[in-house]
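Below: the structure, in structure tokens.
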Amino acid sequence: MNQKPFIALDFPTWEQTSSFLELFPKGLNVKVGMELYLQNGPSIIEKLLQKDHRIFLDLKLHDIPNTVYSAMRGLAQYDLEFINVHAAGGKVMMEKALEGLQVGTAYNKRTKLIAVTQLTSTTETQMQTEQLISKTINESVLHYATLSKQAGLDGVVCSPHEASIIRENCGEEFLRVTPGIRLGEDEKGDQNRVATPKMAKALGSSHIVVGRSITKSTDPVRAYSQVLNEWEGME
Ligand code: C5P
């Protein structure tokens with residue numbers, strides 16, 4: 001798999017998505033999340049695959065193990081790069097997610113399964129007061145990463161700030177996919193644990209996900225190329 005940044009296609013319609021994508025050559029790494037998938041259905045996946053885009057399907061499944069197993073078995077029919085669950089669903093749920101994906105895989109290559117640790121929009125204070133986790137955010141994220149590794153997953157979604165501690169404890173092969181990426185001058189919006197692409201690289205992210213810094217830019221092609229250059233160490 002190439003390690004180019006994934007662009008978060010957070011658009012409500014296929015029309016908006018395709019007019020955005022027309023600015024770029026085929027074969028991008030893209031992320032499809034709830035906004036696009038839930039309003040347009042699985043046909044969105046087929047349309048993107050036809051244009052040779054590689055997809056991270058970000059549905060963050062979190063349900064009882066049997067339901068997640070069945071959903072993953074169904075979603076395994078698509079040729080996706082990444083798919084995810086919430087680690088908070090527990091080890092058994094993650095094991096069943098992986099099993100569903102293995103059973104349903106119609107290609108030689110199984111989609112990589114990663115688990116969301118703590119959302120990049122969550123602050124340590126929120127985590128402690130709302131989830132009643134009386135640990136640091138690093139401890140909570142590392143705990144979820146360890147649990148995900150024990151369940152056999154390929155990696156986690158975390159912020160760049162936790163990437164190095166996960167790499168140290170879970171190994172280089174265990175992926176650290178990091179949203180919460182902003183170009184220097186951009187607004188954080190609802191994100192809290194943010195970093196630039198250059199910082200993410202230095203901090204040990206294996207992959208980055210970038211949405212609004214590209215999609216809301218007045219010049220998305222220039223913004224993408226800045227993200228790519230920073231990520232690939234050209235700037
Ligand atoms: O616009 P922005 O770059 O903040 O978008 C980040 C994308 O990554 C969004 O689609 C969001 O749903 C997703 N995401 C995230 N934090 C996670 C997992 C996914 O921001 N922990």
Side-chain angles (χ1 to χ4, degrees), residues 4-13 16-17 20-21 28-40 44-45 48 53 55-62 80-89 94 97 112-124 126-127 130-131 133 137-138 140-145 147-148 153-163 166 175-200 203 205-218 220 223-224 226-228 230-231:
K4 295 238 185 296
F6 280 84
I7 304 180
L9 299 177
D10 292 325
F11 298 108
T13 65
Q16 280 170 265
T17 307
F20 171 80
L21 288 172
L28 289 175
N29 282 355
V30 296
K31 185 179 80 65
V32 174
M34 291 180 199
E35 181 177 359
L36 189 59
Y37 188 84
L38 294 180
Q39 294 181 90
N40 298 275
I44 214 86
I45 300 295
L48 290 167
H53 298 307
I55 303 170
F56 168 9
L57 184 58
D58 177 25
L59 298 180
K60 301 187 183 72
L61 300 188
H62 186 172
L80 305 170
E81 303 303 318
F82 286 119
I83 195 159
N84 61 0
V85 292
H86 266 288
M94 291 194 275
K112 289 199 170 6
L113 179 61
I114 55 180
V116 177
T117 53
Q118 290 287 351
L119 292 169
T120 39
S121 54
T122 303
T123 62
E124 190 163 273
Q126 272 171 354
M127 182 194 78
E130 296 177 11
Q131 300 178 35
I133 296 176
I137 205 121
N138 275 7
S140 172
V141 169
L142 182 58
H143 168 67
Y144 279 137
L147 201 66
S148 311
L153 270 62
D154 300 293
V156 284
V157 185
C158 59
S159 100
H161 301 282
E162 299 105 33
I166 293 171
L175 303 173
R176 289 91 47 210
V177 179
T178 64
I181 302 296
R182 290 288 178 270
L183 287 171
E185 68 276 14
D186 291 346
E187 298 279 318
K188 274 200 324 185
D190 59 348
Q191 298 281 20
N192 278 302
R193 304 190 332 272
V194 297
T196 64
K198 189 174 179 176
M199 285 162 69
L203 290 167
S205 301
S206 62
H207 298 77
I208 54 171
V209 173
V210 190
R212 285 162 287 184
S213 274
I214 297 173
T215 55
K216 300 280 188 223
S217 164
T218 49
Y224 176 72
Q226 190 181 337
V227 167
L228 188 62
E230 277 196 34
W231 174 243

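Both counts, for ligands and for their atoms, begin at 1 and track the order of listing. Just so it is clear, the model here is predicted, and its values are computed rather than measured.
In this structure, the protein non-hydrogen atom closest to atom 14 (N) of ligand 1 is P179 CG, 3.7 Å. Regarding atom 8 (O) of ligand 1, its nearest protein heavy-atom neighbour is K31 CE, 3.4 Å. In this structure, the protein non-hydrogen atom closest to atom 20 (O) of ligand 1 is Q191 NE2, 2.8 Å. The single protein non-hydrogen atom nearest to atom 16 (N) of ligand 1 is T120 OG1, 2.9 Å, given as residue, atom name and distance. The nearest heavy-atom contact from the protein to atom 3 (O) of ligand 1 is G211 N, 2.8 Å.
The shortest N/O to N/O separation between D190 and ligand 1 does not fall below 3.5 Å. Looking at ligand 1, you won't find any N or O of V210 less than 3.5 Å from one of its N or O atoms.
Minimum heavy-atom separation, V177 to S206: N-OG, 4.2 Å. Contact between E162 and R193 at its shortest, heavy atoms only, is OE2-NE, 2.8 Å. When all heavy atoms of A97 and V85 are compared, the pair lying nearest together is CB-CG1, 3.9 Å. In this structure, I7 and L28 approach most closely via the heavy-atom pair CD1-CD1, 4.1 Å. Closest approach of A145 and V156 over heavy atoms only: CA-CG1, 3.8 Å. Across every non-hydrogen atom of Q126 and S121, the tightest pair is OE1-O, 3.5 Å.
Not close to ligand 1: M34, with no non-hydrogen atom less than 4.0 angstrom away. Residue R182 places a heavy atom less than 4.0 Å from ligand 1. Ligand 1 has K60 within reach: a non-hydrogen atom of the residue lies less than 4.0 Å from it.
Of all atoms in ligand 1, numbered sequentially from 1 with element shown, those under 4.0 Å from a heavy atom of D10 are 9 (C), 10 (O). Close approach of ligand 1 to D58 is summarised as follows: ligand atoms under 4.0 Å from at least one heavy atom of the residue are 12 (O), 13 (C), 19 (C). For ligand 1, the atoms sitting less than 4.0 Å from at least one non-hydrogen atom of L119 are 17 (C), 21 (N), numbered in the order shown with element in parentheses. Of all the atoms in ligand 1, the ones that sit under 4.0 Å from a non-hydrogen atom of R212 are 1 (O), 2 (P), 3 (O), 4 (O).
Note: L36 CG to K31 NZ = 9.5 Å, rounded to the nearest 0.5 Å.
In this pair, F11 and F20 present their aromatic rings tilted. The plane angle is within the 30 to 60° band.
The aromatic ring centroids of F82 and H207 lie less than 6.0 Å from each other.
Judged by distance alone, the side chain of N192 and the main-chain N or O of T122 form no donor-acceptor pair under 3.5 Å.
Residue-level proximity to ligand 1 for V157 is carried by the side chain, the only part with a heavy atom below 4.0 angstrom.
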